[in-house]
2 protein chains.
Amino acid sequence: MAKRKPTIHEVAHLAQVGIGTVSRVLNNHPSVRPETRNRVLSVMADLGYSPNPHARRVAGGRSYTVSVILPVISTEFYSRLLEGIEQVLSEERYEIALFPIFSPTRLRRYLENRSLAYQTDGLLVASQGLAYLLPNQKFPTERPVVLVDAYSPHYDSAYMDNYLGGRMAAAHLAQFPGEFFAIQMQEELDEVMRNTVGRERVAGFREGLREAGRSLPEDHVFASRFSADGGRLALQYFMRLAPPPYNIFAGADLLALGVLEEAERQGLRPGEEVRLLGFDGHPWTETRGLSTLAQPIEAMGAAAARLLMERIRGYRGTPRTQRFEPTLVARASTRPGPECPKSFA
Amino acid sequence: MAKRKPTIHEVAHLAQVGIGTVSRVLNNHPSVRPETRNRVLSVMADLGYSPNPHARRVAGGRSYTVSVILPVISTEFYSRLLEGIEQVLSEERYEIALFPIFSPTRLRRYLENRSLAYQTDGLLVASQGLAYLLPNQKFPTERPVVLVDAYSPHYDSAYMDNYLGGRMAAAHLAQFPGEFFAIQMQEELDEVMRNTVGRERVAGFREGLREAGRSLPEDHVFASRFSADGGRLALQYFMRLAPPPYNIFAGADLLALGVLEEAERQGLRPGEEVRLLGFDGHPWTETRGLSTLAQPIEAMGAAAARLLMERIRGYRGTPRTQRFEPTLVARASTRPGPECPKSFA
DNA sequence: CTGAAAGCGCTTACAG
DNA sequence: CTGAAAGCGCTTACAG
């Protein structure tokens, strides 16, 4: 029943060209007359032709696939990161093989040198601590590896300056009176995950406050799992420590969401008794009036994909690094009220 | 530098057989003399030969790959499910293409009919509500589809009897004096996720209590996100409703973990003031002394993979269904103390 | 049980 | 700019 898919031969025949020409059209080879190219393209459209990826891989001698290893927390973050990666890879007719880290066991399997993860043309690794799990911090493969949202001296990387983000948070929140608090994310799969990310943000925050002549006491940092409910528990904790107002750097939008929920439950007004700054800049923060440090996540993903593609094409230089910075987006949750002069310090 | 990988031709030459024979050995074809087979196998080992999967796919005319669509919550559950699936598929020399649902946007993309998810030989879908997102609940593909941890009249499925699990929970907890409580998981991506799972478990629990002449008041059910911190908030909520002891059906081990944490913080002893029953039977429940309804997750995954492989091999019957049941594992968190006679009712 | 051959659907020099 | 041909590394009837 299932009629055979059209092949490059049918296309060539109907377009009255050789199969080589069809292949060139497929691969955007420059030396095809626009006229020929259009003829071929229109036949493909008529036929509903789509090339057989497996044949391409055999003939081309590569997989035209990139492995992406990534944690399965912070799904909104990784979803956006993948958008950026896919954007670039699809232009190159590359596919993605996803290796989500569902558990330490699976991660270990991904990192074994016979793993499928290494059977592709290159690796994109989105997990800070991951390199540290490996013997001398190197992946057991000759294929190119690029880190994204992470850094290592051994590989190309596109990373976010989380420390700077923390300092920016401090610079913004330091304008307000009252004490300072922070939520530091701390995933279960500790070493493997965004662990250092949370630490760097809080470290930057602390340093920024110090520069502003303010301070972040040790016990004003709440270590939380990565979930909105963790944010709720954090606010409960802060309320046991001190009376309002609270100036809170949440370290992630999702944690901030929980803080907002709990604030409402406790009758604390955001922007007044609870000043709150998230991190990520997810779309929904706008409607919630949540101030946040917006990360150019998609751009970071795209940059990493480009670095990897260049390696796949044969670039052999020393590791390169691309740094990204967050942008402060101030909204109602840190709007200075009238009772709170901007010049406070 | 990278020396070419050995091919089937080298193996054939060194083993002094035709390439057809090597191929037969690779595919466990029965008609190969054991002697020949061993000779070929040993040459492969010497050479470090591994077949080129792409060539196989071109020649064989299929992808030898199965798509697995799955949510990215409850990572321990899905990790175990994948173990079961991989077990079966690797025996068949099939690979898995993973499509983790990081966001509604990505899910929608997976379900578009030109999606990569449909370019494989079959689909394994581990998401209850997913079928309801689709036009007349059917996936836009001719390829076989099997649901796992989910049910639909349109497709083969391997599913857990969550309602029964809830009733078993009730039968176990009903032996204790005191009031009853339940935590119902409720993911953000509501319709898409394990939503119905949580509902079914609680519904079964309620019915089971009713059969035992006990009851579960509406407001004794706490709707929680899927995280340990949600379990902590749940216990806080229960404590505002009533004094100890609490008989809590947590609906998932991870939620139960949070209850244990909060109980400790509040000075409530598990098994006495807080009787607690999880769901899943994850390995760590043993060391925590957590009673739980153990799910044969790996077996369910394996069963689904088998159903799919049969469809891929051409089976054309009406949809088949394989039901799985949890097993009660009673530990310290529901151990009747001396002050609590087993015969209470 | 096994070999030689055809074929899977592409890419890529090589000529023109 | 384009075609014809060789080749990628397998599977699978077809003979024997």
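Per chain, numbering begins at 1; letters A, B, ... match sequence-line order.
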Let me know the distance between [atom1] of [X] and [atom2] of [N], rounded to the nearest Å.
X: B:N28; N: D:dT11; atom1: CG; atom2: C1'; answer: 15 Å
X: B:R39; N: C:dC1; atom1: CZ; atom2: C1'; answer: 12 Å
X: B:R62; N: D:dT11; atom1: CZ; atom2: P; answer: 10 Å
X: B:N38; N: C:dT2; atom1: CG; atom2: P; answer: 11 Å
X: A:H29; N: D:dC1; atom1: NE2; atom2: C1'; answer: 9 Å

Which pairs, protein N/O on one side and nucleotides 6-10 of chain C N/O on the other, fall under 3.5 Å?
from, atom 1, to, atom 2, distance (Å)
C:dC8, O2, B:A59, N, 3.2
C:dG9, N2, A:A55, O, 3.4
C:dC10, OP1, A:Y49, OH, 2.8
C:dC10, OP1, A:N52, N, 3.2
C:dC10, OP2, A:I8, N, 2.8
C:dC10, O5', A:Y49, OH, 3.2

Is it true that [Y] and [X] share a donor-acceptor pair across their side chains at a distance under 3.5 Å?
X: B:R57; Y: B:T65; answer: yes
X: A:R62; Y: A:Y94; answer: yes
X: A:S115; Y: A:E112; answer: no

Backbone N or O of [Y] within a donor-acceptor pair of the [X] side chain at under 3.5 Å?
X: B:R311; Y: B:G317; value: yes
X: A:D121; Y: A:S63; value: yes
X: A:E10; Y: A:T7; value: yes

*asked:* Counting Watson-Crick and G-U wobble pairs with both distances under 3.5 Å, what is the dot-bracket string for DNA chain C, 5' to 3', using [ ] for crossing pairs and | for pairs to another strand?
replied: |||.||||||||.|||
Using a cut-off of 4.0 Å on non-hydrogen atoms, how would the nucleic acid contact of [X] be classed: base, sugar-phosphate, or nothing?
X: A:G20; result: base
X: B:V17; result: sugar-phosphate
X: B:Q16; result: sugar-phosphate
X: B:R57; result: nothing

*Is the shortest side-chain N/O distance from A:T21 to OP1 or OP2 of D:dG3 below 4.0 Å?*
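Checking A:T21 against D:dG3: at least one side-chain N or O falls below 4.0 Å of OP1 or OP2.
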*asked:* If you count heavy atoms of other groups shown closer than 6.0 angstrom to NE2 of A:H154, is the number above 12?
replied: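 Enclosed.
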*B:E91 atom CD, neighbour heavy-atom count above 12 within 6.0 Å*: yes
*Scan A:R37, A:R93, A:E92 and name whichever one has a side chain to side chain donor-acceptor pair (under 3.5 Å) with A:N28.*
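Of the listed options, the one satisfying the test is A:R37.
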*Choose from D:dC1, C:dT2, D:dT11 the nucleotide whose nearest atom is closest to any side-chain atom of B:R33.*
C:dT2
